[in-house]
*Asks:* 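One structure is given below, represented as structure tokens, and several questions about it will come after.
Atoms within each ligand, like the ligands themselves, are counted from 1 in listed order. Everything numeric here is computed off the predicted structure, so don't read it as measured data.
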Amino acid sequence: MDETKIEYGTDVFNESVMRAYLAKDTAEALLHTMRDHAPLNPAIANEVAHALKQWAMARGATHFTHWFQPLTGSTAEKHDAFFEPIGVGQTLARFSGKNLIMGEPDASSFPSGGLRRTFEARGYTAWDVTSPAFIKRHANGATLCIPTVFCSYTGEVLDKKTPLLRSMQALEKAVRRLMAAFGAPAEGHVVCTLGPEQEYFLIDRSFWLKRPDLIQCGRTLFGAPPARHQQLEDHYFGSIKPRVIAFMEDVERELWRLGIPAKTRHNEVAPAQFELAPMFEELNLAVDHNMLVMETLRNVAERHGFVCLLHEKPFAGVNGSGKHNNWSVAYDGKNLLDPGKNPQENAIFLAMLASVIRAIDLHADILRAATAGAGNDHRLGANEAPPSIISIFLGEELSGVIDRIEKGARATGGQDATLRVGVDTLPPLPRDTTDRNRTSPFAFTGNKFEFRAPGSSQNCAGVCMVLNTIVAESVDTVAAAIEKLPKERFNDGLQKILQAVITDHKRVIFNGDGYSEAWVAEAARRGLPNLHATPEALAPMLAQKNLDLFAKAGVLSPTEMESRHAVFMEEYARKVTIEGKAALEMARSMIEPAATAEFGAVCKAIESAQGIGVRAGVSVREVAETLGMGLDALHEACKALEAALGAGEPARILEALATLRKSVDKLEEDVDDARWPLPKYRDMLFVY
Ligand code: ADP
Ligand code: MG
């Protein structure tokens with residue numbers, strides 16, 4: 001490939017643009033602010049705003065927007081033109097420091113969980129300097145986007161970014177403390193890193209247009225399994241079809257222009273399912289970038305006559321889509337989850353590892369809560385996605401190491417069996433990908449953790465905010481213990497600390513098959529939570545221990561936690577209700593008429609056969625009767641769903657929906673193909 005033809009980061013207000021458009025001192029000050037998460041000096045805001053405007057307009061932008069991430073789970077933007085009239089028929093392009101730093105969207109229509117009643121609608125967005133401004137392109141123009149956080153005037157947060165940034169601070173502080181306990185300089189630079197692998201489906205737009213369920217809910221509410229789905233296992237890593245690769249190339253070009261390091265593309269397990277993985281980046285940026293990845297996938301798909309489905313379970317019976325969050329922390333450029341090469345590096349790695357194990361064991365409930373949602377419920381716990389039981393996979397070698405540390409401190413067993421922290425060197429840990437356990441929700445993969453439970457449509461901010469917070473608490477606790485160790489007994493003492501953590505929390509480590517029934521029973525025996533549906537999975541958000549944890553970390557106040565819980569519960573109920581209503585409408589206005597017509601045609605055939613004296617045998621009658629019974633079942637199921645919708649109970653709606661689906665899917669097999677009003681799985685998943 002001709003490197004000069006790749007436009008990388010050309011639509012980002014990056015370091016080189018800053019240096020080109022800003023005075024040296026201003027550029028330095030801004031870069032310092034970005035890198036060190038320092039507060040922006042208001043004195044430079046006007047100059048920065050002017051530079052941004054000049055740059056953006058030179059690149060075709062006519063508007064600017066504060067770009068933020070409300071609790072809806074998507075991004076929000078309200079565009080304003082740069083132009084301001086100065087007299088009749090004359091205008092001037094204006095963009096001030098004030099415009100840059102703060103915006104006041106009418107916040108009343110965003111979910112707040114009761115934090116902000118409509119009559120006190122005011123909220124404001126504030127520039128998040130750590131994420132660079134960028135330009136979004138549309139068919140006829142472009143908009144300068146300023147990544148921002150979103151708060152209410154009373155100070156409560158209304159978005160997903162603010163708590164994420166706070167959680168990063170909590171983790172930074174804890175990691176610094178840990179590193180200081182190991183004798184590192186206290187002011188080292190801590191960076192949380194994230195590489196989110198994005199799974200998605202592509203279907204032809206013409207099918208989508210005929211599926212009200214996909215249009216309204218993002219998933220098929222009906223659809224019989226086709227003869228061939230994913231059992232041949234021929235899609236995963238298969239050669240990518242020309243139409244799809246053309247789409248992928250367009251997506252990548254757009255992402256690269258935005259400075260998003262899209263790196264890997266491949267076919268996923270289910271037919272019509274694909275994955276895009278970027279190189280990891282600083283967590284905050286990676287979160288923003290993933291939001292843009294999802295948007296870009298959707299937009300480019302449309303241009304290619306596809307629709308990109310980001311729902312966690314668009315099709316029953318084939319794999320759903322997740323978003324694997326590859327997460328780690330680095331200190332002064334060194335990845336702390338990399339085992340390292342000498343006993344000192346190993347010791348730091350083991351302290352981090354032990355902290356993560358402790359965090360996941362103590363706070364599995366709140367981590368599970370972060371992945372909850374109407375879409376992901378169809379995926380977690382089904383035999384294809386990591387189960388709703390949160391456990392850690394370490395792999396054989398690292399589990400062996402953990403065992404030996406435990407033994408070492410107890411000083412039982414032979415010398416060979418023990419590992420002395422800070423003295424012995426860790427054996428090399430394999431990093432190959434072939435025999436990795438794919439059934440674990442939280443897996444150590446050589447130099448990072450891969451959290452696989454999050455759903456494909458979810459904003460990474462929520463899960464990473466929780467992960468940072470629980471690990472921060474744990475790192476802080478471990479660091480506090482290490483700090484107290486006398487120099488001369490440091491290694492022995494460290495070993496004892498790690499041993500205690502391992503002994504107390506190793507129940508959360510599980511290297512076996514996470515999809516097996518045996519694990520469900522075993523996890524229950526170990527006392528690990530297994531929270532299935534969203535309402536029960538979200539409940540831990542209100543547990544006192546979690547309210548205290550988030551308040552102490554300075555990430556979310558109890559009021560903010562409670563309001564978030566309310567928002568997510570309501571969103572869940574709304575989504576389930578929409579699905580119920582959509583299904584009922586489709587069943588009554590599309591399925592029932594088709595099945596009735598079929599039934600009528602068969603009955604008519606029997607009648608006219610008899611009229612001309614042709615024998616209408618048992619088989620035709622059976623067909624008619626099957627259809628008749630199918631229609632009865634459909635009718636009953638519709639009534640039950642209607643009642644459930646009336647009662648407004650999500651669990652009942654989902655149950656009634658499942659029953660209705662059974663009767664519709666049965667009719668799909670019995671009704672004339674030409675009469676069936678919905679595109680079928682065999683077409684949607686294979687014809688593209
Ligand atoms: P695979 O897991 O498929 O073998 P990789 O190990 O290369 O692939 O990485 C998968 C994802 O994890 C990529 O997005 C990659 O950038 C990311 N990743 C790698 N190292 C880190 C890290 N230190 N922190 C966060 N993410 C990482
Ligand atoms: Mg994958």
*Asks:* Check whether any N or O atom of Thr193, backbone or side chain, sits under 3.5 Å from an N or O atom of ligand 1, and answer yes or no.
*Replies:* yes
*Asks:* Using the side-chain hydrogen bond (donor to acceptor under 3.5 Å, both in side chains) criterion, which residues pair with Arg452? Sequence neighbours excluded.
*Replies:* Glu450
*Asks:* Report yes or no: do Glu312 and Ser457 form a side-chain donor-acceptor pair below 3.5 Å?
*Replies:* yes
*Asks:* With Ile389 as reference, evaluate Leu380, Leu528, Leu531 under the side chain to side chain contact (heavy atoms under 4.5 Å, CB included) test and give the passing residue.
*Replies:*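 When side chain to side chain contact (heavy atoms under 4.5 Å, CB included) is applied between Ile389 and each of Leu380, Leu528, Leu531, only Leu528 qualifies.
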*Asks:* With heavy-atom distances below 4.0 Å as the criterion, list the atoms of ligand 1 near Glu197.
*Replies:* 10 (C)
*Asks:* Any idea which atoms of ligand 1 are less than 4.0 Å away from a heavy-atom of Pro278?
*Replies:* 13 (C), 14 (O), 16 (O)
*Asks:* Compute the shortest N/O to N/O distance between Met279 and ligand 1 and return yes if it is under 3.5 Å, no if not.
*Replies:*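 No; every N/O pair is 3.5 Å or more apart.
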*Asks:* Quick check: does Asn335 get an N/O under 3.5 Å from an N/O on ligand 1?
*Replies:* yes
*Asks:* Are Gln273 and Asn319 linked by a side-chain donor-acceptor pair shorter than 3.5 Å?
*Replies:* no
*Asks:* Only distances under 3.5 Å count here; give the side-chain donor-acceptor pairs of residues 162-172 to other protein atoms, sequence neighbours excluded, each with its distance to 0.1 Å.
*Replies:*
| residue | atom | partner | partner atom | Å |
| --- | --- | --- | --- | --- |
| Thr162 | OG1 | Asp159 | OD1 | 2.6 |
| Thr162 | OG1 | Asp159 | OD2 | 3.3 |
| Arg166 | NH1 | Val555 | O | 2.9 |
| Arg166 | NH1 | Glu560 | OE1 | 3.4 |
| Ser167 | OG | Leu164 | O | 2.7 |
| Ser167 | OG | Asn468 | ND2 | 3.0 |

*Asks:* Report yes if Leu194 has an N/O atom closer than 3.5 Å to an N/O atom of ligand 1; otherwise report no.
*Replies:*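 Between Leu194 and ligand 1, no N or O pair is found under 3.5 Å apart.
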